[in-house]
Protein chains: 2
Amino acid sequence: MPKLGMEPIRRASLIKATIAEIGHAGTLEVTVSRIAKRAGMSSALAHHYFGSKEALFLAAMRHVLTLYGAEVRGALAAADGPEARARAVIRASFSPANFRREVVAAWLNFYVLAQTRPEARRLLTVYQRRLLSNLSHALRPLLGGGAGPAAQGLAALIDGVYLHAALGAAAPDGAAAARQAEAYLTAMLERRA
Amino acid sequence: MPKLGMEPIRRASLIKATIAEIGHAGTLEVTVSRIAKRAGMSSALAHHYFGSKEALFLAAMRHVLTLYGAEVRGALAAADGPEARARAVIRASFSPANFRREVVAAWLNFYVLAQTRPEARRLLTVYQRRLLSNLSHALRPLLGGGAGPAAQGLAALIDGVYLHAALGAAAPDGAAAARQAEAYLTAMLERRA
DNA sequence: GATTGTTTATTGATCCGTCAATCAACAACC
DNA sequence: GGTTGTTGATTGACGGATCAATAAACAATC
């Protein structure tokens, strides 16, 4: 039943299955076979399209990152004024698409991987820089020289909230998480004012 | 040339080697053989004393947690007044002993493990509850009903800073990290005042 | 203070399972 | 008939756990 033009479809379902499987297992120690099975194909095909397990996982993270980036850009475009821009970045970080259990689990494992694999580290650095730059640009008009440290703190807080979400018993609550991060922002701004 | 009374010595050096090896590899995927080798014995002996790789790692984390707990207790005892108590908890969290690269790496992997292994989850819950309780008790006199959420946020921030430390290129800077967390605290307090 | 027996410490070898990766071969399509 | 898609079977490596065997230290007994 092979059809032509399968490649993009296969790639997409493998990426989706990778996230799902890692989210389900909570670990990077999922077999390629399991992922492939979930995506409805044999493990050999997964290797055919991605070359290696690690490449598959990195592709999945790249996908997550792309979605996140798009969401942030969209929210920023719709935001009016510096404070709204900062809040937009926060809300995008905790949007339903990004703050799903599986995605958060993937992030957590991605962090671990980034400690040793240069390619993962590179990808992570891109994300961190972008987030930091978005935040400090938004905060600069409000906090001036204090924008850098405030952005740094906010970035750490966002990652911390992600971490807690990965470990919480209940399903992650994006709205509550966003409120938590926004409280920090509010405190920082009021302090200045 | 076996001597008697080796058990506590062996256990201690295995635990130390486990942290070191995981810190070095950045991953839980270190072989028992490597750990045992670093501790100066065969892998069989490691199994003899701890039963399994996972049990060994959990023992190592229990050890880290114990040290951390002791440090927090000490800092709290020396603190004078609510705000000083809150700052004491923060400083203890980033003390040189706890905020070493290896320890932070171990924490990161511990988080991942806690997603699936009940025993790890249990241990983590103990830590989280203790931290949260310490923080909210300290903040209650200052923030009243706002103490809960503030403590929650502070806990998330602390974990986030740990996360960033695990990934930073440079060696973790405990003083800088503590300042970051204390800035949050300051902002929260000033807001109330 | 030798003899015998018991416990503790320790290892090398190895079993057994797992898994990423490869390959040969087959199927559909143009 | 060449390209694309697909798989089952296989391999090679690795690693956790186990175990039989060895040896020192100690203890009880005579």
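Below, chain A is the first sequence line, B the second, and so on; all start at residue 1.
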- Query: Would you say dT8(C) has OP1 or OP2 under 4.0 Å from some side-chain N or O of Tyr49(B)?
  - Reply: no

- Residues at least two apart in sequence or cross-chain that pass ring pair (Phe, Tyr, Trp, His ring centres under 6.0 Å) with Phe50(B), listed by chain then number, are none

- Item | Over 12 foreign heavy atoms within 6.0 Å of CZ, Arg34(A) | no

- Reading nucleotides 12-26 of chain C from 5' to 3' and marking B where a protein heavy atom lies under 4.0 Å of the base, S where only the sugar-phosphate is that close, and - otherwise, the string is B------SSBBB---

- Gap between atoms CG and C1', on Leu45(A) and dT4(D) respectively (whole Å): 11 Å

- Verify whether the ring centers belonging to Trp107(A) and Phe99(A) lie closer than 6.0 Å. no

Quiz: residues 57-67 of chain B side-chain donor-acceptor pairs under 3.5 angstrom, not counting sequence neighbours:
from     : atom 1 : to       : atom 2 : distance (Å)
Thr66(B) : OG1    : Arg62(B) : O      : 2.7

- Query: Please give, in whole Å, the distance from dA25(D) P to Glu7(B) CD?
  - Reply: 18 Å

- Distance, rounded to the nearest Å, where Met6(B) contributes CE and dA25(D) contributes C1': 12 Å

- Task: Give a yes or no answer on whether the side chain of Asn134(B) reaches the backbone of Arg130(B) with a donor-acceptor pair at less than 3.5 Å.
- Result: yes

- Message: Looking at dT8(C), I'd like to know if its phosphate oxygens (OP1 or OP2) sit under 4.0 Å from a side-chain N or O belonging to Arg10(B).
- Response: no

- Contact class for Phe50(B) (heavy atom, under 4.0 Å): base, sugar-phosphate, or nothing? nothing

- Message: Tell me the interatomic distance from Arg11(B), atom CZ, to dT8(C), atom P, rounded to whole angstroms.
- Response: 14 Å

- Before giving the answer on ring-ring contact (aromatic ring centres under 6.0 Å, His included), spell out for Tyr162(A) and Phe94(A) the whole-Å C-alpha distance, their side-chain angles and the decisive distance to 0.1 Å. CA-CA 9 Å; Tyr162(A) 258 78; Phe94(A) 298 112; 5.7 Å; yes

